[in-house]
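In what follows, a single structure is set out as structure tokens and then discussed.
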Amino acid sequence: MWTKFVGSNEDAGLAVGTTIRQLKAVLDHHESPSNIGRAQYDYSPDAVGHVAGHRLYLRKRPEFAHEKEVRAVLC
């Protein structure tokens with residue numbers, strides 16, 4: 001997936017591999033509360049208005065489903 005963002009230039013980007021558990025352990029020590037979750041690839045303009053709280057930030061359009069993204073939202 002990263003070649004889509006940085007091309008063939010290895011110095012142009014940085015990818016960090018982690019697990020949800022490891023990310024949560026690091027963010028548990030952060031001053032602000034956080035919400036960690038897998039992105040939901042069912043984004044539609046009609047549905048977004050009905051999504052409350054942090055769940056709004058976990059939504060993406062279906063064409064990005066190949067990313068299998070995990071997001072952390074810090075408050």
Side-chain angles (χ1 to χ4, degrees):
M1 176 177 89
W2 292 106
T3 56
K4 291 183 179 185
F5 295 104
V6 300
S8 60
N9 182 355
E10 294 178 7
D11 296 329
L14 172 69
V16 176
T18 189
T19 65
I20 292 176
R21 180 180 291 166
Q22 291 170 327
L23 182 58
K24 183 171 176 11
V26 169
L27 293 178
D28 279 346
H29 300 291
H30 194 269
E31 295 175 6
S32 302
S34 62
N35 184 11
I36 301 169
R38 296 187 185 281
Q40 301 296 311
Y41 298 96
D42 58 354
Y43 182 94
S44 74
D46 295 332
V48 170
H50 303 289
V51 177
H54 294 130
R55 292 184 300 161
L56 174 63
Y57 299 106
L58 299 177
R59 297 174 70 93
K60 291 188 79 170
R61 295 188 315 262
E63 55 266 30
F64 295 105
H66 65 278
E67 295 177 350
K68 297 182 170 83
E69 183 176 342
V70 172
R71 291 185 173 186
V73 180
L74 303 178
C75 302

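Note that the coordinates shown come from a computational prediction; the quantities given were computed from them, not determined experimentally.
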Worksheet item: Which atoms form the tightest heavy-atom contact between G37 and L58, and what is the distance?
Response: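 Closest approach of G37 to L58: O-CD2, 3.8 Å.
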Item to complete: Could you pull out the closest heavy-atom pair between T18 and L23, with the gap in Å?
Response: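 That closest heavy-atom pairing would be OG1-N, 3.7 Å.
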Discussion item. So, using side-chain hydrogen bond (donor to acceptor under 3.5 Å, both in side chains) as the criterion, who are the partners of R71 when residues are at least two apart?
Written reply: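 E69.
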Worksheet item: Hey, which of R59, K60, H66 is the one that makes side-chain contact (heavy atoms from CB on, under 4.5 Å) with Y41?
Response: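 In the set R59, K60, H66, the residue that makes a side-chain contact (heavy atoms from CB on, under 4.5 Å) with Y41 is K60.
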Practice prompt. Starting at CD of Q22, measure out to CG of L27 and round the result to the nearest 0.5 Å.
Written response: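 One finds 12.0 Å between CD of Q22 and CG of L27.
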